[in-house]
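This report concerns only the one structure given below.
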Amino acid sequence: MSATAATATAAAELLREVEQFLYREARLADEHEYDAWEALWADEAIYWVPANGDDIDPTRQMSVIFDNRSRISTRIKQLHTGKRHAQTPPSALRRLITNVELLDPDPEHPDDVAVGSNFLVYESRERGVTLWAGRYEHRLTRTPEGELRIAYKKVRIVGNDRPLHTLAFLI
Amino acid sequence: MTPTTVPADSAAWDALIEPDRVHGSLYTDPAIFDAEMERIWYRTWVYVGHESEVPQPNDYVVKSIGPQPIIMSRDKQGEIHLLLNRCTHRANLVCDAAKGNSSAFRCPYHGWTFSNTGKLLGYPFNSGYGGTEEKRNLGLGRVARVASYQGFVFGSFAEEGPTLEEHLGGATDAFDRLVELSPTGKLDISAGWLQHEAKANWKMLVENETDGYHPQFVHASIFSVAKSGIGDLYGEKSTAVSRDLGGGHTENDLRPEFRRIDEPMGWFGTTADRLPEYVEHLQAARGPERAREIMIDGAPHVMVYPNLFIAEIQLFVIQPLAVDRTVQHVTAIQYEGEPQLNRRMLQQTIGSVGPAGLLLADDTEMYERNQRGVHARTPEWLVLKRGTHRERRDGDGFTIGDATDEVPQRAIWRHYRELMEAGDGDGAVAPPAVPTANGSVR
């Protein structure tokens, strides 16, 4: 096999691995498998859902979510209490993930995998049906054992500059 | 819930609003909602925006008074205007950016151009109008009165009525306390706003803002996992008080608890040594003794009727859109020149509020559950009796109750009834009575 072909095969394998990871994350979120979802995160991580545009400075501007690893953990613990009323009962959810695309690595994290994807979440609860569309940007890092973990997840919701209903599930 | 029509007289209002209970149809009847717009939202002073949102000449930002789109602009002389976002020609929106800097707004439909003071500057092909004589009378619609207090800009569609300070009455102190926490005395409301939509009537939100009874139940989940002390402030044994500030303005006054605990910056869930820059600036500005008092007392928790909630480190602005649809706008309060503190206030705010907020998502769930519940045929009433037997006057003559009492909710409805009974004619609305220290009302 030529070097070019080997590179192409490696890229295809990486894409396949990353897709499977994103699908797994999506299923765990949809099915409220909170601990298994949280276990996909790296020890240091950012979970960011910007508002009023996709390129704001989250240290100076309001976001819908801007969680460090500790706050992700708090969010999960709150869901586990059973008294997170905005998820009691939990929303019925299914999401589609498409257009999965490997992106150029972040220069500050050249060994991590940068991946973009589009999503559509169908949420049903007593309030009614809400559709959430947008784009995920993940930066995935590897554990010493070689497993993928989320170091950074940005959720660019379409229409994040307009009024949004309560979003208390894991998006 | 039986649909009603808007009561025509005091006796008919008796059938909907009693001193300690209110009829559910007030949250569901579109006719009531329409009357509220005319008698409350398009008449009294309503909070629109903060001066720091348009810091430079020609800055503008699109705001609202209920469903009405409003452009808040600062002209080149520095004066602030509240203009209706509607071309005087054929009603197109003249401004579609959320904010920006421009001396003029040009309607995209036929090119009519208005200055940021509202004046019509010109229309294309003006020979079609036989000249430019008409221009003088075709400026943008304006909110009749504009006034600000401590940088907070309010508008009133009524040409006449109480002044803003008369309207704020007992609530002016909340603004004074808030700006005193800033070493320069200025706030910087520049962090942008989340817009959280609720399928609920706007009054559900207003009543919840100073409801000291709900936190231990609605927010038990986050208080337990974050080991927060906030729940105790609203407990049975709390020395905090609920207060009727007059004019529909209400307060949960937590100062008695903070003074008992006596920990500077405890109100913000931290200690002074974690914020050395801020403490130094505040001490320099106010003197060490006063700075300590300010850092003990903390920021106010006051609902300024009908739409501004000062929630310690956040501002909430309530925007009714329909009888069962409300948007709550929220931002972090930032103090001018305090990046260290501001960063923490922003991060705490993002965690707490908005669609995914660890607190506000649950409040909003309650508004929406209430809105569904209130459609039940029976019982028809909502009960607001809590603490009626222990209402008392404070040293300033305001009615107060225990932390968890429904003093604020009764006060809100009493004021609501006055405004609604005043009718939608030209009936003047009297400014709120200001109590005096001996408990009489002057």
Side-chain angles (χ1 to χ4, degrees), chain A residues 29 34 46-68 70-91 123 125-130 132 155 157 159-171, chain B residues 97-99 188 190-200 214 217-228 314 319 321 325-332 334 339 342-344 346-369 371-372:
Chain A
Y34 302 133
I46 294 289
Y47 175 30
W48 182 28
V49 184
N52 299 312
D54 297 329
D55 298 313
I56 61 162
D57 176 353
T59 66
R60 301 177 70 94
Q61 297 284 302
M62 291 292 292
S63 292
V64 178
I65 294 174
F66 188 56
D67 285 0
N68 58 15
S70 155
R71 194 175 279 169
I72 292 170
S73 179
T74 300
R75 196 173 287 282
I76 296 299
K77 282 184 199 151
Q78 186 187 25
L79 287 164
H80 272 307
T81 63
K83 295 178 194 160
R84 172 57 159 169
H85 303 288
Q87 279 296 295
T88 312
S91 299
E123 180 195 21
R125 55 186 295 103
E126 187 68 24
R127 183 183 68 224
V129 166
T130 311
W132 305 86
V155 185
I157 293 174
N160 69 13
D161 57 342
R162 298 185 184 283
L164 299 175
H165 282 294
T166 295
L167 199 181
F169 63 88
L170 300 170
I171 193 164
Chain B
K99 60 182 175 181
D188 180 19
S190 63
W193 297 80
L194 297 184
Q195 301 177 63
H196 190 177
E197 183 165 347
K199 285 189 176 175
H214 81 282
F217 308 98
V218 175
H219 304 305
S221 62
I222 194 60
F223 293 161
S224 66
V225 302
K227 303 194 170 41
S228 164
Q314 293 121 23
Q319 181 189 16
L321 291 174
R325 189 170 162 232
T326 306
V327 173
Q328 179 142 256
H329 303 250
V330 58
T331 193
Q334 305 275 271
N342 286 344
R343 208 178 157 104
R344 287 180 67 128
L346 177 68
Q347 287 316 317
Q348 197 164 311
T349 295
I350 292 172
S352 304
V353 308
L358 303 175
L359 291 167
L360 264 288
D362 291 329
D363 289 302
T364 304
E365 190 72 12
M366 295 300 124
Y367 311 147
E368 294 180 339
R369 292 170 62 101
Q371 190 69 24
R372 292 195 291 276

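Please read all numbers here as calculations on a predicted model, not as lab measurements. So you know, we letter chains A, B, ... as the sequences are listed, proteins then strands, and number each from 1. Quick note: numbers below take in every heavy atom, side chains included, and nothing from hydrogens, waters or symmetry partners.
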Winner by heavy-atom pair count (cut-off under 4.5 Å) against chain B, out of [options]:
| options | answer |
| --- | --- |
| A:Ala51, A:Ala86, A:Ala168 | A:Ala86 |
| A:Arg84, A:His80, A:Glu126 | A:Arg84 |
| A:Lys77, A:Arg71, A:Lys83, A:Arg60 | A:Arg71 |
| A:Ile56, A:Thr59, A:Ile65 | A:Thr59 |

| query | Which region of A:Asp161, side chain (C-beta onward) or backbone (N, CA, C, O), has a non-hydrogen atom less than 4.5 Å from a non-hydrogen atom of chain B, or is it both or neither? | reply | backbone

| query | With a 4.5 angstrom heavy-atom cut-off, which part of A:Arg75 approaches chain B: side chain, backbone, both or neither? | reply |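 Both parts, backbone and side chain.
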
| field | A:Gln87-A:Ser91 side chain donor-acceptor pair, cut-off 3.5 Å | value |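 Yes, side-chain donor-acceptor contact under 3.5 Å.
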
Is [X] in contact with chain A via its backbone, its side chain, both, or neither, using a 4.5 Å heavy-atom distance?
| X | answer |
| --- | --- |
| B:Ser224 | side chain |
| B:Gln347 | both |
| B:Ala220 | side chain |

| request: For B:Arg372, look at atom CZ and say whether over 12 heavy atoms of other residues, nucleotides or ligands are found less than 6.0 Å away. | output: yes

| query | Shortest non-hydrogen contact from A:Pro50 to A:Asn160? | reply |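 Smallest interatomic distance, heavy atoms only, reads O-ND2, 3.3 Å.
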
| said: If I take atom CD from residue B:Gln348 and atom CG from residue B:Leu359, how far apart are they, to the nearest 0.5 angstrom? | reply: 9.5 Å

| field | side-chain contact (heavy atoms from CB on, under 4.5 Å) between A:Thr166 and A:Thr130, worked out | value | CA-CA 10 Å; A:Thr166 295; A:Thr130 311; over 6 Å; no

| field | Main-chain N/O of B:Lys199 paired to B:Gln371 side chain as donor or acceptor, under 3.5 Å | value | no

| task | Using a strict cut-off of less than 4.0 Å between a Lys/Arg side-chain nitrogen and an Asp/Glu carboxylate oxygen, indicate whether A:Arg125 and B:Glu365 qualify as a salt bridge. | result | yes

| message | For the interface with chain A, which of B:Pro355, B:Gly192, B:Gly354 has the highest count of heavy-atom pairs at distances below 4.5 Å? | response |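 Option with the top pair count is B:Pro355.
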
